[in-house]
There are 2 protein chains.
Amino acid sequence: MPEGSSPPMGQSLLFLTDEQLRKGIEAMFFAYRGFTADPDRILAQKSYGRAHHRAIHFIHRSPGTTVNNLLSILGVTKQSLNRVLRTLIEDGLVASTVGIRDKRERHLHLTQDGAALERELSDAQRDRMRAAYRAAGPAAVAGFRQVLEAMMDDETRHHYEAMKEKIE
Amino acid sequence: MPEGSSPPMGQSLLFLTDEQLRKGIEAMFFAYRGFTADPDRILAQKSYGRAHHRAIHFIHRSPGTTVNNLLSILGVTKQSLNRVLRTLIEDGLVASTVGIRDKRERHLHLTQDGAALERELSDAQRDRMRAAYRAAGPAAVAGFRQVLEAMMDDETRHHYEAMKEKIE
DNA sequence: CACAATACGTCAGCTTTGTTGACATTCCAA
DNA sequence: TTGGAATGTCAACAAAGCTGACGTATTGTG
């Protein structure tokens with residue numbers, strides 16, 4: 001936090017101008033469109049939506065997760081998630097198995113078909129991400145991640161950090 | 001995960017790993033929630049939604065813009081925009097005036113009330129942005145913007161660039 | 001001038017995805 | 001055994017996107 005401090009305060013606080021912040025806000029808005037564009041196209045063909053993508057993504061990410069856990073990650077109501085989950089289960093993309101230790105819980109897994117769709121979606125999304133990363137370079141990417149993390153709600157960041165530790 | 005690898009390729013391409021890309025994707029998802037959280041809270045009280053926020057933002061940004069222009073910036077249909085615009089005009093937040101050169105066009109401006117809401121919303125959003133920027137520092141912010149710009153669709157980036165030049 | 005194209009508004013209907021509220025079931029744990 | 005937690009389901013509703021069709025100025029063009 002200790003910025004430039006005394007002498008010339010280095011690169012100064014010019015980057016905190018309302019103008020600069022506004023540009024960041026617009027960049028965030030426009031970039032998010034690109035971020036979702038490719039998966040959206042694929043999903044539209046299969047008459048699914050972003051909600052399905054999110055469910056699939058996080059089930060893939062945390063196989064065996066419970067409905068409740070997924071709920072808090074996605075930040076939606078159980079009714080809303082249930083509708084999406086039901087179609088995914090009916091269509092054979094997601095398997096829901098009764099918990100062993102706690103039979104009230106349902107553990108969620110991707111089926112082969114589900115995993116295939118997950119791959120298709122995340123390949124598309126990663127392709128764009130990879131192109132952006134490559135164009136911007138490693139230093140920019142580090143900054144990108146830093147700012148995004150600082151932008152999250154505390155509770156959300158908690159989920160994010162928990163995810164991060166899972167695989168690496 | 002391919003950790004160490006060999007000595008060459010400098011900082012290497014490790015930042016293009018699927019793992020790294022996935023983290024970036026999740027960071028984007030979680031951060032966007034934070035990004036919209038504060039304005040969402042304000043909007044909910046006034047029974048408006050994000051669509052209203054977007055319209056207000058870009059009308060403020062480009063006073064006198066036409067409906068068609070707004071349409072292409074927001075990337076929605078005129079029916080969708082019209083619904084939002086109608087309520088904003090009815091509520092006296094936006095003024096629509098017939099074009100001078102071309103009387104088919106409507107030029108959109110914020111009224112005093114509209115400008116007040118715009119300020120309230122963007123203050124809230126900027127506060128979070130500012131905190132994130134300050135925490136991450138100028139170098140990170142530059143990287144943040146670089147990656148976001150690289151992530152946009154070409155057409156979208158065109159809008160973004162046009163905006164950038166407007167005020168600075 | 002006549003006609004096509006443009007800009008805008010609107011009606012109707014549909015979809016996705018979110019919300020509340022109410023209620024039943026199952027089952028763990030005190 | 002009983003209370004509460006986890007889940008599921010029904011109903012109703014809202015925001016915000018979509019398509020398609022139509023009407024009305026207005027403008028540009030052949």
Side-chain angles (χ1 to χ4, degrees), chain A residues 29 32-33 36-37 39-59 64-91 94-108 121, chain B residues 29 32-33 36-37 39-59 64-91 94-109:
Chain A
F29 169 68
Y32 200 78
R33 272 227 297 258
T36 57
D40 279 356
R41 265 188 288 274
I42 296 172
L43 290 159
Q45 291 173 348
K46 311 196 190 296
S47 58
Y48 288 136
R50 271 184 216 176
H52 300 85
H53 183 189
R54 293 198 276 264
I56 288 174
H57 175 98
F58 286 110
I59 293 172
T65 186
T66 65
V67 173
N68 243 6
N69 184 42
L70 202 50
L71 235 43
S72 78
I73 290 172
L74 295 175
V76 298
T77 60
K78 63 178 176 174
Q79 293 90 332
S80 200
L81 175 59
N82 191 257
R83 182 170 30 201
V84 165
L85 231 37
R86 192 178 358 174
T87 72
L88 290 176
I89 292 170
E90 280 171 5
D91 295 354
V94 167
S96 164
T97 62
V98 173
I100 304 174
R101 277 193 26 184
D102 186 337
K103 291 178 190 166
R104 292 167 301 179
E105 297 180 341
R106 300 291 182 275
H107 296 291
L108 304 169
L121 291 170
Chain B
F29 169 67
Y32 200 79
R33 273 227 295 258
T36 57
D40 279 356
R41 265 187 289 274
I42 295 171
L43 290 159
Q45 290 172 348
K46 311 196 191 298
S47 59
Y48 288 137
R50 271 183 215 176
H52 300 85
H53 184 187
R54 293 199 277 264
I56 287 174
H57 174 98
F58 285 110
I59 291 172
T65 185
T66 65
V67 174
N68 244 5
N69 185 41
L70 201 50
L71 236 43
S72 78
I73 290 171
L74 295 176
V76 298
T77 60
K78 65 174 178 175
Q79 292 91 330
S80 202
L81 175 58
N82 190 257
R83 181 171 33 199
V84 165
L85 230 37
R86 192 174 11 183
T87 73
L88 290 176
I89 292 170
E90 280 170 5
D91 295 354
V94 167
S96 165
T97 62
V98 173
I100 304 174
R101 278 193 26 184
D102 187 335
K103 291 178 192 166
R104 291 169 303 180
E105 296 181 339
R106 299 295 131 86
H107 297 292
L108 304 170
H109 294 269

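Predicted model only: the values in this text are computed from it and were never measured. Chain letters run A, B, ... following the sequence lines, proteins first and then strands; every chain starts at 1.
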Under 4.0 angstrom between A:Arg50 side-chain N/O and C:dT17 OP1 or OP2: no
Stepwise side-chain hydrogen bond (donor to acceptor under 3.5 Å, both in side chains) check, B:Asp91 with B:Thr87: CA-CA 6 Å; B:Asp91 295 354; B:Thr87 73; 4.9 Å; no
B:Asn68 side-chain N/O to C:dC8 phosphate OP1/OP2 under 4.0 Å: yes
Aromatic ring pairing A:His52/A:Tyr48, orientation class (parallel under 30°, perpendicular over 60°, tilted between): tilted
Atom of B:Gly49, atom of B:Leu43 and distance for their closest heavy-atom approach: O-CD1, 3.6 Å
Base of C:dG13 paired with side chain of B:Gln79 (donor-acceptor, under 3.5 Å): no
Spacing between B:Leu71 atom CG and C:dG9 atom P, to the nearest angstrom: 10 Å
A:Tyr32 and B:Tyr32 aromatic ring geometry - parallel, tilted or perpendicular at 30°/60° bounds: parallel
Distance-only donor-acceptor test (3.5 Å): side chain A:Arg104, base D:dA5: yes
Verdict with supporting geometry, B:Thr36 and B:Arg50, side-chain hydrogen bond (donor to acceptor under 3.5 Å, both in side chains): CA-CA 8 Å; B:Thr36 57; B:Arg50 271 183 215 176; 3.1 Å; yes
Separation of D:dA14 C1' from B:Leu43 CG (nearest whole Å): 15 Å
Nearest-neighbour nucleotide for the B:Arg86 side chain, C:dT17, C:dT19, C:dC11 considered: C:dC11
Spacing between B:Lys78 atom NZ and C:dA12 atom P, to the nearest angstrom: 16 Å
Spacing between B:Arg83 atom CZ and C:dG13 atom P, to the nearest angstrom: 15 Å
Atom pair distance, as rounded to whole Å: CG in A:Asp102 and P in D:dG8: 12 Å
Spacing of B:Ile100 atom CD1 relative to C:dA7 atom P, expressed in whole Å: 18 Å
Short side-chain N/O contact to C:dT17 OP1/OP2 from A:Ser80, under 4.0 Å: no
Presence of B:His52 side-chain N/O under 4.0 Å of D:dA16 phosphate oxygens OP1/OP2: yes
Nearest-angstrom distance from the residue atom CD of B:Glu105 to P of D:dT27: 9 Å
Side-chain N or O of A:Asn82 closer than 4.0 Å to phosphate OP1/OP2 of D:dT9: yes
Whole angstrom value for the distance that separates C1' of D:dA15 from CZ of B:Arg54: 11 Å
